[in-house]
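Below: one structure, written as structure tokens.
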Protein chains: 2
Amino acid sequence: MERLNEEQIAKEMENLADWKRVNEKWVERRYRFKNYLSGVRFVNEIAEYAEKKKHHPFISIDYKVVTLKISSWQAKGLTDLDFEMAEYFNQLYNKAEQ
Amino acid sequence: MERLNEEQIAKEMENLADWKRVNEKWVERRYRFKNYLSGVRFVNEIAEYAEKKKHHPFISIDYKVVTLKISSWQAKGLTDLDFEMAEYFNQLYNKAEQ
């Protein structure tokens with residue numbers, strides 16, 4: 001999968017709620033939960049999907065805040081797959097018990 | 001729970017396999033797994049225990065590497081509970097499918 005150029009990335013970011021660009025290669029979102037184990041369940045859903053797609057975001061759990069960071073290391077930047085997955089993670093969060 | 005002093009911490013670190021001191025307040029260990037979902041299962045066990053003890057380590061999942069960082073923010077440093085939990089996490093890892 002090919003790395004997107006700056007123009008393409010800017011367009012994707014416009015359509016992607018609540019994610020921020022960290023640097024050239026990474027985008028990130030922090031998801032807040034009302035309780036710890038809801039965040040952990042969310043992480044399980046993320047992980048299951050990541051394994052299916054063979055594309056694994058960096059995940060951190062800082063009490064009730066789950067942070068996801070995504071990039072395509074093979075493409076050395078951001079690809080369509082990153083944005084497709086980020087959008088899907090947002091949908092999972094919207095359906096989750098927050 | 002009271003913050004341990006440097007001498008007490010040094011003694012605890014001697015008995016705790018594979019954790020390293022990050023700074024005054026934190027200890028850390030990286031756990032490696034042969035596959036991604038084994039690491040995720042380990043995180044679930046960590047989280048369940050953390051919630052029971054009402055003491056939550058910082059957890060990150062970077063593909064097959066799970067990193068735990070632990071500290072007692074209320075005590076502004078390291079306590080007996082931190083070392084008790086770190087030891088328990090090591091036991092969980094030793095029993096886990098790595």
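Letters A, B, ... are given to chains in the order of the sequence lines, protein chains preceding strands, and every chain is numbered from 1.
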Taking 3.5 Å as the threshold, show me the donor-acceptor pairs across chain A and chain B, one per line with distances to 0.1 Å.
unit_1, atom_1, unit_2, atom_2, d
A:N44, OD1, B:N44, ND2, 2.8
A:N44, ND2, B:N44, OD1, 2.8
A:I59, N, B:I61, O, 3.1
A:I59, O, B:I61, N, 2.7
A:I61, N, B:I59, O, 2.7
A:I61, O, B:I59, N, 3.1

TODO: Looking only at non-hydrogen atoms, find the nearest pair between A:V40 and B:A47 and report the distance.
DONE: CG2-CB, 3.7 Å

- [ ] Group every Ile, Leu, Val, Met, Phe, Trp and Tyr by side-chain heavy-atom contacts under 4.5 Å, then state whether B:L92 and B:I61 land in the same group.
- [x] yes

Task: Residue A:V43 versus chain B: region with a heavy atom under 4.5 Å - done: side chain

Task: A:M1 reachable from A:L16 in the ILVMFWY side-chain graph, under 4.5 Å edges - done: yes

TODO: For A:F83, enumerate each residue passing the ring-ring contact (aromatic ring centres under 6.0 Å, His included) test, keeping only those at least two apart in sequence or located in another chain.
DONE: none

Open item on the list: Under 4.5 Å between side-chain heavy atoms, counting indirect links through other Ile/Leu/Val/Met/Phe/Trp/Tyr residues: same cluster for A:L68 and A:V65 or not?
Closed with: no

TODO: Could you state whether B:F58 and B:L78 fall into the same hydrophobic cluster, counting links through intermediate Ile, Leu, Val, Met, Phe, Trp or Tyr residues with side-chain heavy atoms under 4.5 angstrom apart?
DONE: no

